[in-house]
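Only one structure is covered here, and it is reproduced in the block below.
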Amino acid sequence: MTSACRFNRHQRLSKTVEFRYVFAQPSKSTDLYFTVLARANRLTYARLGLAIARKRIKSAVARNRIKRLIRESFRQHQAILAGLDCVVLARSELEPISNLILFQSLAKHWHKLSSIVVSQ
């Protein structure tokens, strides 16, 4: 595995200030399953934050599955997201939805947001 395909700790949004920065003036992509917010970060790499609410997904097992899927999709698309801070929010009950559908949804979000930021 090359380092370009990894998801390291420095690629995570973990501080409240980092999340507030994205929430302040985001570019937004929304569908039935997710809302993804993004904002340029002046870095050479992308960072990811997760806001998967217990109110939306009740089961801890299901929340952890969704988080793993999001991180894996982000890892696969991080090259096109360079220079972005992204926050993913779950919009509805995702437990019965297949992994393939969720991966396709996230891929659409990543491509849409990468083109928005490139144009800025």
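In what follows, every heavy atom counts, from backbone to side chain, and hydrogens, waters and symmetry copies are set aside.
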Contact summary for [X] and [Y], nearest pair of heavy atoms:
X: I57; Y: A90; result: CD1-CB, 4.0 Å
X: L102; Y: R65; result: CD1-NH2, 3.8 Å
X: C86; Y: L13; result: O-CD1, 3.7 Å
X: S59; Y: E95; result: CB-OE1, 4.2 Å
X: N41; Y: A46; result: ND2-CA, 4.4 Å
X: Y45; Y: Q11; result: CD1-CG, 4.2 Å

Check: [Y] main-chain N/O paired with [X] side-chain donor or acceptor under 3.5 Å:
X: Q76; Y: S73; result: no
X: R12; Y: R47; result: no
X: R91; Y: D31; result: yes
X: R39; Y: Y21; result: yes

Under a single-linkage definition using a 4.5 Å side-chain heavy-atom cutoff for Ile, Leu, Val, Met, Phe, Trp and Tyr, are [X] and [Y] assigned to the same hydrophobic cluster?
X: F103; Y: I101; result: yes
X: L32; Y: L100; result: no
X: V22; Y: I70; result: no
X: V17; Y: F23; result: no
X: L106; Y: L84; result: yes

Among T35, L113, V36, side-chain contact (heavy atoms from CB on, under 4.5 Å) partner for K28: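 It is T35, the one option of T35, L113, V36 that forms the side-chain contact (heavy atoms from CB on, under 4.5 Å) with K28.
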First locate atom [atom1] of [X], then atom [atom2] of [Y], and finally report the distance between them rounded to the nearest 0.5 Å.
X: I66; Y: L50; atom1: CD1; atom2: CG; answer: 11.0 Å
X: L94; Y: N99; atom1: CG; atom2: CG; answer: 11.0 Å
X: L69; Y: F34; atom1: CG; atom2: CZ; answer: 7.0 Å

Are the side chains of H111 and H77 in contact, using a 4.5 Å heavy-atom criterion?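 Yes, side chains in contact.
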Please verify the inter-ring angle class for W110 with F74; under 30° counts as parallel, over 60° as perpendicular, anything in between as tilted.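 Answer is perpendicular, since the angle exceeds 60°.
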